[in-house]
Every structure is written in C-alpha cells, then in structure tokens.
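Numbered from 1 within each chain, the chains take letters A, B, ... in sequence-line order. Just so it is clear, the values below take in all heavy atoms, side chains as well, and ignore hydrogens, waters and symmetry mates.
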There are 2 protein chains.
Amino acid sequence: MPSNDPLDRVFMALADPTRRLLVQRLTQGEQSVGDLAQGIDMSLAAVSKHIKVLETAGLLRRRVAGRTHWFSLVPEQLTGALDWISIYRNFWRNRLQALADDLNQPED
Amino acid sequence: MPSNDPLDRVFMALADPTRRLLVQRLTQGEQSVGDLAQGIDMSLAAVSKHIKVLETAGLLRRRVAGRTHWFSLVPEQLTGALDWISIYRNFWRNRLQALADDLNQPED
DNA sequence: TCTTTATTTAACTAGTTGGTTGAATATCTC
DNA sequence: GAGATATTCAACCAACTAGTTAAATAAAGA
C-alpha cells in the first residue's frame, strides 16, 4: 500500500495529466468509465486504474447501476488540498504586501 | 527524466509529507539545507534530494553563498496549482449553490 | 596547508507507478 | 441459455521514487 495520508493521496492523484483530464470531464456531470475513456489513447483497464486512484483519494464517488459504473466529483478532498496551498500562498502574498507597504513609507 | 509538465511537477512535489514540511518551514524565511533538515529523521542527502524536487518544480529558489545554499519560497507555481483546483472547486460550489437556490424556490 | 563544515553526486536497493494483455465477473438482450 | 457489453482483476514489465552509504566538491578556519 502506498501513502495513507489524505493530502499525499490527493496531490498524488492530481499529479497526472490523464487524471486531471478525468476530473475536468467530470465537471460536466456523472459519467461512466466508457464515457471518460473516450478519446484517451490508453486501454480501458488503464483508465479504470486511474479512476480508482482518484476514487481512493476521495476525489470522486462510484455508483454502480447494472453493468455500468457511474462516477461523479466529490469536492471535500479538493478543498483540503486547496486549503493547504492557500495557507502558504496567503502567507506569501502578505509578505509581498508588507514589503510593498514598507517601500511606500515616507523616507523620514 | 520524469514528467515535464509544470502542474505534474508541482502536484507531485506536494504529494510528499517531508516536502510539505519543508515548504511550511520556508514560510519562516530563507533557510539552509542544514536548517531545513533539523529534526527530520533522514540523511542530509535525502533532504537535499527533496529540496531539489521542490526546486525543479519551481516552488523554491536557491542562493549559494560560500559553502552554504540558502532556499526561499517562490509563489508563482503554487498559484498555478491553486488556480487549477479553484476552477473545479468553484464549479462545484456553484453547482451546489444552484441546487440550494432551486430548493428554495417557491413551489408555485 | 590541513581539517572541518556544508552540501551534492554517484551507485545501489526496495517499493511504487503506469502501462500492457488476457481472463474473470456481472449484466443486458435476443 | 448464448452472445454481446461494461468493467475489473491478475500477472507482468519498464521506469521512477525515496531512501541508503560512501565519495566528491567547495569553502572556511586554524
């Protein structure tokens, strides 16, 4: 088993262009494996694996109906990743702002 | 060489808890390899490699002064990752909002 | 110049990733 | 029930990751 940490898994899941494409496509709404694999030059089994990585990371949810598996996005984990980045990005932005403010001080 | 895509590299770089710790520590300001490695139960060579991964992803900058290498955060690439996530998170939030609005409609 | 300090590089290893193909499972349709 | 459809599972492989230790490089200090 690879990493167990939710942030590890989410960032890892997003570190692949095929998986980011799948996430992007799922913003159009619920889709099946076949739908998602459309136009991707890769075996269905490989796409299925990518989907499983996203699912394990908690980025999407599977609904099985008959022989078809339907997937849709789940926002919570994306939010966790966003929050992590935001903390440090905001820190940095504040730093730059402080520097700018400082430079604008009268020379005195 | 692994992936060449900037987003791949940034998300991959953040998918490791040691590297996220390094980023977190660098919000305290510029630090050397030795500083950064403090308290991390890992060889200096390993920490040095983690730093290189972050550097290659464009998340930090190296300034060599004498025998010491100083590192500091660079915000641009973090922003790229943040933007990617935001696009889809905002999409999702809007969806939920639309649903909520719909449920609040008078029944007519 | 010799030694210590700061860091990287090289060679190696175990485990993981991302793909393949072929078989298995489950469901739908005739 | 037989065949087609949708998808996963298993076994395999090449490439990459994340660590190790030992040696190399470079600069500082005595």
Side-chain angles (χ1 to χ4, degrees), chain A residues 1-26 29-72, chain B residues 1-26 29-72:
Chain A
M1 308 115 201
S3 173
N4 209 39
D5 178 293
L7 270 183
D8 287 8
R9 286 198 299 231
V10 169
F11 281 126
M12 187 63 186
L14 296 179
D16 180 281
T18 301
R19 289 194 292 259
R20 287 199 303 278
L21 177 60
L22 297 179
V23 169
Q24 184 190 323
R25 286 187 173 179
L26 282 168
E30 201 179 43
Q31 289 179 69
S32 69
V33 177
D35 293 341
L36 288 169
Q38 274 286 0
I40 296 182
D41 186 23
M42 194 179 291
S43 72
L44 222 56
V47 173
S48 173
K49 278 202 209 173
H50 278 302
I51 291 174
K52 177 164 262 175
V53 171
L54 290 167
E55 187 185 18
T56 302
L59 291 170
L60 47 84
R61 160 171 45 94
R62 180 188 307 249
R63 176 174 70 85
V64 180
R67 61 189 165 181
T68 305
H69 295 217
W70 295 95
F71 298 92
S72 48
Chain B
M1 309 114 201
S3 174
N4 209 39
D5 178 296
L7 270 183
D8 287 7
R9 287 198 298 231
V10 169
F11 281 126
M12 189 63 185
L14 296 179
D16 180 280
T18 301
R19 289 194 293 260
R20 286 199 303 278
L21 176 61
L22 296 178
V23 169
Q24 184 189 325
R25 287 189 172 179
L26 282 168
E30 200 178 44
Q31 291 178 70
S32 70
V33 177
D35 294 340
L36 287 169
Q38 275 287 359
I40 296 181
D41 185 24
M42 195 180 289
S43 73
L44 222 58
V47 173
S48 174
K49 278 201 211 170
H50 278 303
I51 290 173
K52 177 163 262 176
V53 171
L54 290 166
E55 186 185 19
T56 302
L59 291 171
L60 46 85
R61 161 170 46 93
R62 178 187 308 248
R63 178 175 70 84
V64 179
R67 62 188 164 180
T68 306
H69 295 218
W70 296 96
F71 298 92
S72 49

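- Partners of B:A45 according to the side chain to side chain contact (heavy atoms under 4.5 Å, CB included) rule, which considers only residues two or more places apart in sequence or in another chain, are B:S43.
- Residue pairs satisfying the salt bridge (charged side-chain N to carboxylate O under 4.0 Å, His left out) criterion with at least one member in residues 44-60 of chain B, sequence neighbours excluded, are listed as follows: B:E55-B:R62.
- Here C:dT7 is the nucleotide among D:dT8, C:dG18, C:dT7 with the atom lying nearest to any side-chain atom of B:V33.
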Quick test: give all pairs of protein nitrogen or oxygen and nucleotides 28-30 of chain C nitrogen or oxygen below 3.5 Å, distance rounded to 0.1 Å.
none

Protein-nucleotides 12-17 of chain C N/O pairs closer than 3.5 Å?
from   : atom 1 : to   : atom 2 : distance (Å)
C:dT16 : OP1    : A:M1 : O      : 3.0

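- Rounded to an integer number of Å, the gap from A:I51 CD1 to C:dG18 C1' is 15 Å.
- Non-hydrogen atoms lying under 4.0 Å from DNA chain C are contributed by B:G34, all within residues 34-42 of chain B.
- Between the C1' atom of C:dT7 and the NE2 atom of B:H50 lies a distance of 16 Å, rounded to the nearest Å.
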Please produce a list of atom pairs where a protein N or O lies less than 3.5 Å from an N or O of nucleotides 21-24 of chain C.
none

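- Applying the side chain to side chain donor-acceptor pair (under 3.5 Å) rule to A:S48 yields no partners; only residues at least two apart in sequence or on another chain are considered.
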Are A:V53 and A:R9 close enough, and set up right, to give a side-chain contact (heavy atoms from CB on, under 4.5 Å), and what steps lead you there?
CA-CA 8 Å; A:V53 171; A:R9 286 198 299 231; over 6 Å; no
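- Here the closest non-hydrogen pair linking A:M42 and A:A46 is CG-CB, 3.3 Å.
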N/O donor-acceptor pairs under 3.5 Å from side chains in residues 10-26 of chain B, not counting sequence neighbours:
from  : atom 1 : to    : atom 2 : distance (Å)
B:D16 : OD1    : B:T18 : N      : 2.9
B:D16 : OD1    : B:R19 : N      : 3.1
B:R19 : NE     : B:A13 : O      : 2.8
B:R19 : NH1    : B:H50 : ND1    : 3.2
B:R19 : NH2    : B:M12 : O      : 3.1
B:R20 : NH1    : A:D8  : OD1    : 2.9
B:R20 : NH1    : B:L14 : O      : 2.7
B:R20 : NH2    : A:D8  : OD1    : 2.8
B:R25 : NH1    : B:L36 : O      : 2.7
B:R25 : NH1    : B:Q38 : O      : 2.7
B:R25 : NH2    : B:Q38 : O      : 3.0

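- Not a single salt bridge (Lys or Arg N to Asp or Glu O under 4.0 Å) links A:R61 to another residue, sequence neighbours left out.
- Separating the CG atom of A:L60 from the P atom of D:dT7 is a distance of 14 Å, rounded to the nearest angstrom.
- Taking atom CZ of residue B:R63 and atom C1' of nucleotide D:dA27, one finds them 15 Å apart after rounding to whole Å.
- Checked against side chain to side chain donor-acceptor pair (under 3.5 Å), A:T68 has no partners two or more places apart in sequence or in another chain.
- In this structure, CD on A:Q31 lies 11.0 Å from CZ on A:F71, to the nearest 0.5 angstrom.
- Residues satisfying the salt bridge (Lys or Arg N to Asp or Glu O under 4.0 Å) criterion with A:R67, sequence neighbours excluded, are absent altogether.
- For the pair A:K52 NZ and D:dC9 C1', the computed distance is 8 Å after rounding to whole Å.
- Per the geometry, CG belonging to B:D16 stands 18 Å off P belonging to D:dC16, to the nearest Å.
- At the heavy-atom level, B:T18 lies nowhere under 4.0 Å from the strands shown.
- The side chain of A:H69 places no N or O atom within less than 4.0 Å of a non-bridging phosphate oxygen (OP1 or OP2) of D:dA6.
- Not one side-chain nitrogen or oxygen of A:T68 sits closer than 4.0 Å to the OP1 or OP2 atom of D:dA6.
- When every heavy atom of A:A37 is checked against every heavy atom of A:L44, the shortest pair comes out as CB-CD1, 3.5 Å.
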